[in-house]
Amino acid sequence: MKIRNLNLNLIIFNIKIRFHLLIILISSISLIFIFLKILNFNLITNISQIAFLDSIFHLFVYFSTGFTLLFLPSYPIFFIIFKDKKLRFLEKLTITFVFNLSYYIIIGFIGFYLGFALTRWFFFFVLVISYFLIILYITIIDFKRDKFNIFKQRYSADYKERFIKQFSFLNYLKRFRISNSVLLIVFIFLISILSIFGTSIFIGTDPWMHISIIKFITDINSLPVNDYFGTFGFHIFGALISFFSGANIILIPKFFIYYTLPIISLIVYNLFMRIFRNKNLAILGIFILSISSLGFLNIMFQFWPTSLALIQGITLFFLLYIRLQSFTREKEPSKKQIFSGSGIFYSSFILIFISCLLVHSLIAMIFLVSFLWVYLIYFVKSYRRGNDIILLGVCLCIFFIFYFLNISTGHFIVFNKIGGIPWYYILFGILIIGTMEVLVLLHYRKSMIFTKGRYSLIITGKKHKNLKKIEDKFILPLVFILVIVFICGFTILNILFFKFELISIFTGIEILIICSFGIWGLFVFQFKPRGKPLFLWGLALGIILLVGFLFDFLTSSLTFFSRIFYLMSIVISIGFASYIHKLVKNHSIQKPKMQFFLIFLTTFSLFTTYLEVYFSIEFYSLKNREISTVQWYSNYKSDQNVVIAEFGWDPIFMYYGYPFEENNASLPLSDVIYFLMVSNDYLNPRFHIQNGTNILSDLKNDSGMDVFLIVTDHYLLLSDLELFGRLTSEEIEMYYNLPYLDKVCSSKTEYGDEVPLYWVI
């Protein structure tokens, strides 16, 4: 038995020293399978006629696509060329994943602007050439140095002997059998399954817009420059998945969470490990994000550009935080420390930032502005500690270049609404926010210190005793009062305006509790040198959130506030984990009342979040009977018509009605229909006749087109402060007797739920 174990250890050791070679071999095999899929090898050889062989072939293709998108072409760069000892294995893995994502998006844009057709062959050949050029470069360098690390890493004979004698594969597996890491992985996997089986198609209506653009890229091999604000980084990556795997485009949104959720969880895990240096707290942070209603899950569930932009934005902060940790020590950094490893750091940061701009420029700039705010404070305090503000300045210049060239910055059209805000409101807001920022800047320039030990003294009450008194006597009562005020205020506003479901009140309570402890946790944790940038970053995002709220309030829209709050979910979870970290440090976590509170909050969050997710999926996702109505329309109507439907329905008309077969890259997707969003005037039959005339008939005459109306009993309005509308059973019954409408299509469930399509005659 001992000899068998030694032989097994010898095999494992040989794999370990040739690990890079193994990855290269897997990479080559993956590229071969993708090549065969592009050639339609299964069709040419008639493998597709044999179900079992065809399934095996596609299984290998899907694995090859996933492996390629994650690891190629930059794996050799971060694991072989630049062996930065400051980065752990999982950190290198994270940067590799995000770097590759950014690389594919950028080459798609470069290829388009250079006039190349965005075909599967274009992406495949660019990938193969770039990857093997990197391998060739490494081989040449190794040959000159006579090392050949790419084929076999060198270890001492003593290390080899110790490894073979002492390593136990069985003990290695036992460590992970019931560990918190395994439990977290299982939990994330279950969340992913929930998103797949929670809806018949996929979550939300936005994915119909995004898969329409992806289909445009895959079928016409170009970018629809006249659509979606000119921002197509997300769609290029989606098209690449379809190109390499051959997967049906309509399936990509359903399974995309298997890409986004594990990667963002890995990024957050690495960030939490850097912050707290505690594995269990890092796992807790991801768990809090996954069970709370802070918006993190909403971003991951939805097939949105925001999901990729968040992945890239958090990676950018992670890169900055690693650098800043070495600059916030008691001794000021030397020039050698500042420029050590700056080449790969700056180039990676800029590439990921550019890609983030191409995915969602508005979110990229929200992150950049918040980073600039943090580094401005450090730069004013000590120019060496805040030296990387120069890098952020370069990124700001890149944005302005993109903006003036009108490349991927269409999301900023939302600021056109500023023209409707009185100038004195804008001036007053600038003065208030500017004053706040100057005061914060002056305060931290004077008070920021980099000595160790203060945090432990503060949380035990030996220093700044008032902070501990405030927490012991006022925090919990204050949170309780805030919850009561929220319940009363929300109930009144909900009756008058919003008309949310009851579950939204519980969601609001949960968010309020977690945010309260998260903010307090960040405030206390800032007394650690590595906690200060986290608090300043949270403060910057908080100011941006306030600006977004005021903007939405003054323009009567819901454009900024919710999305910015979603972006803050990670920093809030950091604050909440900081609070738990403090409880562990001062042993308060052992108190029964604190344990009961945490168990209650966890259970309440889990129940509230997933109940809210259930209602959201049920209301905001299109069902098969609704899709069948649009398919009927697309099959029988070819001319452009006026379609009046609920918010978010227009993309599905694009997907089913756009003439992709014409291969006309100059025809915008939005030209398929003339879409009007429903209002109470259009849907409520009592309001069709106004001032003695029929508004639907007038619309038909004025537009010179046929008018179609899709009727739903409960609908989204997004007009002013009124979010939802509902038809009574009597109003629905009225539709059967309106002489100016003809019901041309009706789709029903077995329970009689109906989605009718009416034609104005």
Please answer whether the main-chain N or O of [Y] pairs with a side-chain N or O of [X] as donor and acceptor at a distance below 3.5 Å.
X      : Y      : result
Thr629 : Arg625 : yes
Thr68  : Thr65  : no
Ser408 : Leu357 : yes
Lys279 : Met273 : no
Ser569 : Tyr566 : yes
Thr609 : Ile291 : yes
Ser573 : Ile570 : yes
Asn42  : Ser48  : no
Gln595 : Ile589 : yes
Ser192 : Ile188 : yes

Hey, what do you get for [atom1] ([X]) to [atom2] ([Y]), rounding to the nearest 0.5 Å?
X      : Y      : atom1 : atom2 : value
Ile732 : Leu727 : CD1   : CG    : 5.5 Å
Leu669 : Met654 : CG    : CE    : 6.5 Å
Ile250 : Ser242 : CD1   : OG    : 12.0 Å
His411 : Ser361 : NE2   : OG    : 6.5 Å
Ser307 : Ile264 : OG    : CD1   : 9.0 Å
Ser292 : Leu297 : OG    : CG    : 7.0 Å

Please work out whether the ring planes of [X] and [Y] are parallel, tilted or perpendicular, with thresholds of 30° and 60°.
X      : Y      : answer
Phe600 : Phe604 : parallel
His581 : Phe525 : perpendicular
Tyr259 : Phe237 : tilted
Trp208 : Phe202 : tilted
Phe33  : Phe60  : parallel
Phe517 : Phe576 : perpendicular
His235 : Tyr228 : perpendicular

Report yes if the side chains of [X] and [Y] come closer than 4.5 Å at any heavy-atom pair, otherwise no.
X      : Y      : value
Tyr258 : Ile193 : yes
Ser355 : Gln312 : yes
Ile211 : Ile252 : no
Val672 : Tyr656 : no
Leu622 : Ile201 : no
Phe597 : Ile513 : yes
Leu281 : Ile275 : no
Trp304 : Asn298 : yes

[X] and [Y]: which non-hydrogen atoms are nearest, and at how many Å?
X      : Y      : result
Phe71  : Asn100 : C-ND2, 3.1 Å
Val571 : Trp537 : CG2-CE3, 3.9 Å
Ile236 : Ile105 : CD1-O, 3.9 Å
Ile511 : Phe565 : CG2-CZ, 3.5 Å
Phe244 : Val61  : O-CG1, 3.7 Å
Ile213 : Pro224 : CG2-CG, 3.7 Å

**Report entry** CA sep, side-chain torsions, deciding dist, call: Phe216, Phe232, ring pair (Phe, Tyr, Trp, His ring centres under 6.0 Å)
**Finding:** CA-CA 11 Å; Phe216 189 100; Phe232 305 112; 8.5 Å; no
Query raised in the report: Hey, mind stepping through Ile283 and Ser181 against side-chain contact (heavy atoms from CB on, under 4.5 Å) and telling me if it holds?
Result: CA-CA 7 Å; Ile283 293 172; Ser181 302; 3.7 Å; yes
Query raised in the report: Stepwise, does the ring pair (Phe, Tyr, Trp, His ring centres under 6.0 Å) test hold for Phe123 with Tyr104?
Result: CA-CA 8 Å; Phe123 285 103; Tyr104 291 125; 7.7 Å; no
Query raised in the report: Are Phe653 and Tyr633 close enough, and set up right, to give a ring pair (Phe, Tyr, Trp, His ring centres under 6.0 Å), and what steps lead you there?
Result: CA-CA 9 Å; Phe653 285 91; Tyr633 169 87; 5.3 Å; yes
Query - Aromatic ring proximity, centroids under 6.0 angstrom, Phe287 and Phe187 - result: yes
Report task. Measure from NZ or CZ of Lys215 to the centre of the six-membered ring of Tyr658, then state whether that distance is under 6.0 Å and the direction lies within 45° of the axis. Result -> no
Query - Over-ring placement of Lys582 relative to Tyr579, 6.0 Å and 45° cut-offs - result: yes
**Report entry** Sole residue of Asn270, Leu87, Leu271 in side-chain contact (heavy atoms from CB on, under 4.5 Å) with Ile322
**Finding:** Leu87
Report summary line: Of Ile363, Thr231, Val359, Leu362, the one forming a side-chain contact (heavy atoms from CB on, under 4.5 Å) with Pro305 is Val359
Report task. Give the intermediate values and the outcome of side-chain contact (heavy atoms from CB on, under 4.5 Å) for residues Thr306 and His360. Result -> CA-CA 7 Å; Thr306 307; His360 201 302; 4.2 Å; yes
Report task. Report, as yes or no, whether the 6.0 Å neighbourhood of atom OH on Tyr614 holds more than 12 heavy atoms from other residues, nucleotides or ligands. Result ->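 Count not over threshold, so no.
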Report task. Please say whether more than 12 non-hydrogen atoms of neighbouring residues, nucleotides or ligands are located less than 6.0 Å from CZ in Phe506. Result -> no
Query - Trace of the ring pair (Phe, Tyr, Trp, His ring centres under 6.0 Å) decision for Phe301 with Tyr620 - result: CA-CA 12 Å; Phe301 276 147; Tyr620 292 103; over 10 Å; no
Requested in this report: Evaluate the side-chain contact (heavy atoms from CB on, under 4.5 Å) criterion for residues Leu606 and Tyr610: first the C-alpha distance (whole Å), next the side-chain angles of each, then the deciding distance (0.1 Å), finally the verdict.
Outcome: CA-CA 6 Å; Leu606 192 61; Tyr610 288 96; 3.4 Å; yes
**Report entry** Worked verdict on Glu510 versus Ser293 for side chain to side chain donor-acceptor pair (under 3.5 Å)
**Finding:** CA-CA 7 Å; Glu510 176 213 356; Ser293 303; 2.6 Å; yes
Requested in this report: Quick one: do Leu522 and Ile519 satisfy side-chain contact (heavy atoms from CB on, under 4.5 Å)? Show the steps, please.
Outcome: CA-CA 5 Å; Leu522 275 178; Ile519 292 170; 5.9 Å; no
